[in-house]
**Q** 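What follows is a structure written as structure tokens; I'll ask about it next.
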Amino acid sequence: MIKAIHTRVKGRARYKVDQLYLSPLLQRYLERSLANKPEIFYVSANPLTSNVLVCFEPKKSWKKIGLLIQQTIKDYQKITSLSTSKKLSKSLINQQLAVDNDKKQQIDNWHLMTTDKIIDRLNTSKRKGLSHEDVIVNLSKYGSNVLSEVPTRSSAKIFIEQFKSLPVALLVTAAGIAIITGGVIDAVVIMGVVGLNAVIGYMTESQSARIIQSLKNWEQILTWVIREGEQVEIPAENVVMGDILFLKPGSYIPADSRLIEADNLSVDESALTGESIPSTKTTAPLSCENIPLADRVNMVYKGTLVTSGQGLAVVVATGQFTEMGKIQQLVNEAVSIDTPLERQLDQVGGQLVLMGMGICSLVFGLGVLRGYSLLRMMQSSISLAVAAVPEGLPTIATTTLTLGIREMRKNNVLVRSLSAVEALGSVQTICLDKTGTITENKMLVVEISTTTQKIRVGEDNIHPYRKDELLRLIHISVLCNESEVSQQPNGEYVVTGSPTENALIHLAISAGVDVIQLRQKYELLETNLRTENRNVMSTIHDTENHRKLIAVKGNPAEMISICQWWMKNGEVVPLTPKDRQGMVRENERLAQKALRVLGVAYSYIDDDNIDDDNSNNHEANLIWLGLVGMTDPIRRGAKKLIGEFHQAGIDTVMMTGDQSSTAYAIAKELELSRTGELEVLDATNLQNLTPEALTAVSDKVNVFARISPSNKLQIVQAFQAAGKVVAMTGDGINDAPAMRAAQVGVAMGKGGTDVAREVADIVLEDDRLETMIIAVSRGRTIYNNIRKSVHFLLATNLSEIMVMTTAIGAGLGEPLNAIQLLWLNLVSDIFPGLSLAMEAPEPDVLSQPPRNPDEPIIKNSDFGRIMFESGTISVSTLAAYSYALLRYGVGAQASTVACMTLTTAQLLHTISCRSEHHSIFSRDKLPVNPYLNAAMMGSFGMQLLVTVIPPLRNLLKITPIGLMDGAVVVAGGLVPFLVNEGTKKSPVLS
């Protein structure tokens with residue numbers, strides 16, 4: 001199998017493999033399997049030349065490496081011999097490679113290990129990083145640092161799915177039988193309608209998919225690493241295990257890494273954990289093995305962002321082995337389920353199939369008993385089967401949803417699939433991710449407490465120049481701050497830094513403080529950052545009188561303990577124990593409101609008192625100024641939106657990675673519970689619940705706190721198990737699995753992650769959560785309008801069946817031939833049905849509770865009304881046909897009268913189907929529907945053209961009619977319309 005050795009040197013050899021064996025699949029298997037061997041560093045196989053280049057430990061013999069290659073090829077042959085199917089063989093190979101990968105990139109508890117042990121284990125160096133040779137080996141062994149793409153539907157799959165419905169299947173079957181029996185024209189007409197529906201659905205869904213795909217961030221992400229002792233910037237996909245990452249503010253973290261140095265390092269992990277406040281990082285090993293991701297303070301994870309400080313971290317996992325990669329696997333494993341409308345239309349389609357088969361059998365038998373030929377009755381039976389299935393139903397449903405998508409697009413709402421709009425309209429429970437969805441994922445100062453004032457920012461006017469304590473507090477917050485501030489030519493400020501420090505700068509700007517001039521006046525001399533044992537930051541600034549200003553902010557409890565004075569009414573007075581107790585109570589008051597609280601203080605020192613070796617002496621004898629409370633603000637309109645959801649009968653549930661107290665405070669402010677009683681379930685309690693128990697308690701819980709991505713998936717599935725139609729909103733990758741599993745996943749388009757957008761059914765392009773209520777309204781309206789259209793189609797098609805069955809059974813001949821039935825369905829079904837689908841929303845559409853998803857689109861109570869309406873149309877048409885039989889006898893003239901009468905009655909019936917209870921005799925008039933007027937005029941016009949254009953007249957076998965016949969046709973159409981409108985108020989019939 002290995003024919004020759006072309007080259008061999010110490011630790012390096014090139015082998016020649018029989019070209020019959022070295023296929024692309026074997027190439028991949030060889031490279032991945034051999035690279036997993038500890039004695040082999042590098043493998044490269046070329047299917048074109050059949051060469052295999054191997055780099056291995058010098059102490060190993062090239063002959064033993066050759067034997068390894070032979071054994072690997074034998075293993076490959078064993079796997080492929082398990083099945084003659086290429087597809088199965090490839091699947092088995094991939095499974096084997098997946099097992100190998102699991103072995104290669106072992107998942108360890110890196111947060112429990114010391115930094116020295118990790119560096120030694122990964123064969124790297126803290127100062128020099130990896131060598132170029134090590135990088136090549138690791139890149140070949142583990143692959144690129146990329147995640148697998150979220151599976152998306154191909155264009156072919158989208159198109160094929162347009163044909164996956166029972167009504168369409170029946171139409172296609174009828175077209176095939178029509179061709180066999182000689183009805184080529186009938187088959188062409190039927191397939192024309194099926195093709196029109198498929199094209200409309202394909203164009204709409206593929207366009208929506210392209211729009212959402214265009215939101216993906218295609219810009220290459222770069223990151224800084226240390227390699228061979230130098231800092232270099234490389235693409236994130238080229239990061240490998242053992243790389244040393246250099247972290248600084250604004251750095252994107254490209255892979256899961258263990259921190260080996262951390263200098264005031266804070267990381268925004270909201271996209272992964274849901275925590276709105278950046279996590280402060282340390283380097284010491286942890287002691288608890290099963291500690292949550294959010295509490296692994298010595299680790300940083302792929303997809304997160306450095307907000308402040310700097311550090312070094314060694315990469316311990318890349319690609320699919322990162323925490324983000326694990327979530328990606330959950331996304332791929334989550335299965336989407338059918339929406340209510342899809343199930344309802346399938347149910348109606350099944351009923352129509354059974355009805356069509358029964359009618360065909362009945363009419364065929366009656367015709368044969370009456371003496372008609374078998375071929376003729378076969379053609380008539382096929383025509384009736386087609387009449388039993390409204391050809392316009394798939395087109396109307398698809399087009400109605402398409403129009404809903406276009407309406408949503410006007411409101412910056414992108415819809416991935418046609419059924420998503422309808423599904424959102426039937427949602428009973430909406431699960432709202434807090435960070436970035438309910439809140440804005442940025443910090444904002446909301447309350448200031450000085451020694452003499454309590455100010456609610458946004459509600460109370462801030463006049464810092466009237467109160468010395470307030471002015472100094474704002475000044476100190478600006479000076480003791482790492483955020484960078486610049487001003488554009490138009491006067492607008494640009495602030496770059498952590499959300500917390502940015503919030504303090506924005507507070508000063510809104511209060512009228514010139515922050516740039518202030519910093520120029522007090523030159524920064526020294527910065528003392530927070531440490532693991534000291535949650536306080538201080539800065540030293542030069543002043544005009546050659547004294548040094550010490551600006552300090554940090555944890556209120558620590559600040560209170562080191563302050564000896566406080567400023568009150570512009571005077572500095574000593575702090576008493578009673579004063580300290582009051583400050584502690586004020587801190588607790590703000591903390592109970594789920595605010596992040598910072599204490600602010602200052603002092604002056606002389607140059608002689610500065611000790612460069614001990615920065616802590618600068619923070620003694622401080623003067624207390626007050627407390628600053630800040631929060632991740634709730635999005636504007638979120639509370640109103642929650643109320644609108646409740647009015648619409650929809651339960652709202654919040655999911656967050658925050659602590660229970662924070663989550664409770666936000667939920668209370670939002671009035672999240674419809675009953676007013678809030679129930680919070682913490683993730684620690686969630687772990688102890690079985691799936692059945694979680695389903696049982698899900699209806700009682702409004703807030704789920706401290707939850708992980710897999711918890712979110714569990715919660716969504718619990719609601720679904722309870723029979724709920726669930727929508728899940730989110731913006732981070734941690735929301736993606738739950739969004740995929742929910743009937744409707746809603747993602748933020750501007751601030752959300754690519755993964756969230758890719759799995760979502762609906763994307764809010766401008767991140768405005770309140771546009772969801774528009775989608776709910778549109779979804780309910782679409783369902784109601786489709787229901788009106790289906791009602792109309794069933795009533796009119798049933799009237800055709802009644803007319804044909806009654807006439808053939810009574811021996812009156814065939815009132816309509818096969819092509820007339822098909823033409824009638826095209827003229828009186830599609831365009832009038834579409835016009836009903838474009839009815840305006842009903843005024844109380846958002847005051848009604850969500851419909852029962854198990855309720856059929858046509859309820860049992862509706863069939864009585866449909867039968868009555870069909871009966872009046874049928875009786876009137878048969879009466880007109882009987883008049884024509886008496887006057888002209890069986891033939892084209894009588895058939896023409898029946899056809900024109902039935903068409904007129906069906907078109908007028910469109911008006912009756914606009915409302916179940918409102919009629920033309922009602923005092924209040926329905927809003928004008930210009931589409932309905934245009935559809936009726938167009939359909940009447942097409943029917944008149946048939947009577948005056950000879951080729952069409954000959955095709956349909958229609959003859960001209962006189963005034964008397966015209967009067968009968970008009971009367972035959974008006975009578976059932978007036979009867980049906982006049983009986984709408986009847987409690988028995990409506």
Side-chain angles (χ1 to χ4, degrees), residues 155-206 345-346 348-357 359-360 363 375-402 418 789-790 793-794 796-797 800-801 804 816-834 837 899 903 906 938-939 942-943 945-946 951-952 954-957:
S155 297
K157 185 175 182 180
I158 294 175
F159 186 74
I160 291 172
E161 286 180 352
Q162 309 306 316
F163 298 93
K164 290 183 178 181
S165 69
L166 285 175
V168 171
L170 181 58
L171 291 176
V172 174
T173 303
I177 298 175
I179 292 176
I180 295 174
T181 58
V184 177
I185 296 178
D186 298 0
V188 170
V189 174
I190 295 172
M191 293 308 299
V193 174
V194 172
L196 177 64
N197 167 68
V199 170
I200 292 174
Y202 169 77
M203 290 180 64
T204 303
E205 293 197 27
S206 60
L345 290 179
D346 285 343
V348 171
Q351 294 171 344
L352 293 175
V353 168
L354 295 176
M355 182 188 298
M357 293 174 61
I359 291 168
C360 286
V363 172
L375 180 59
R376 181 179 177 183
M377 290 315 303
M378 179 66 75
Q379 292 174 337
S380 298
S381 298
I382 292 172
S383 299
L384 281 177
V386 174
V389 178
E391 288 91 337
L393 178 58
T395 301
I396 286 172
T398 300
T399 307
T400 304
L401 293 169
T402 301
L418 295 177
S789 298
V790 173
L793 293 173
L794 291 180
T796 54
N797 283 32
E800 298 169 18
I801 295 171
M804 293 295 293
L816 289 84
N817 59 42
I819 196 65
Q820 285 175 348
L821 281 170
L822 291 169
W823 171 259
L824 181 63
N825 283 353
L826 284 175
V827 171
S828 64
D829 279 4
I830 295 181
F831 297 110
L834 284 174
C899 181
T903 302
Q906 288 186 353
S939 297
M942 291 174 63
Q943 189 67 17
L945 284 177
V946 170
L952 289 177
N954 295 333
L955 177 65
L956 297 181
K957 298 179 182 179

**Q** Find out whether Gln943 and Ser828 are in side-chain contact, i.e. whether some heavy atom of one side chain is under 4.5 Å from a heavy atom of the other.
**A** no
**Q** Could you tell me whether a side-chain N or O of Ser789 sits under 3.5 Å from a main-chain N or O of Gly833, the two making a donor and an acceptor?
**A** yes
**Q** How would you list, by chain and number, every residue that makes a side chain to side chain donor-acceptor pair (under 3.5 Å) with Thr796, sequence neighbours excluded?
**A** none
**Q** Just jot down the side chain to side chain donor-acceptor pair (under 3.5 Å) partners of Gln820, sequence neighbours excluded, or say none.
**A** Ser895
**Q** Is the shortest side-chain heavy-atom distance between Leu816 and Glu800 below 4.5 Å?
**A** no
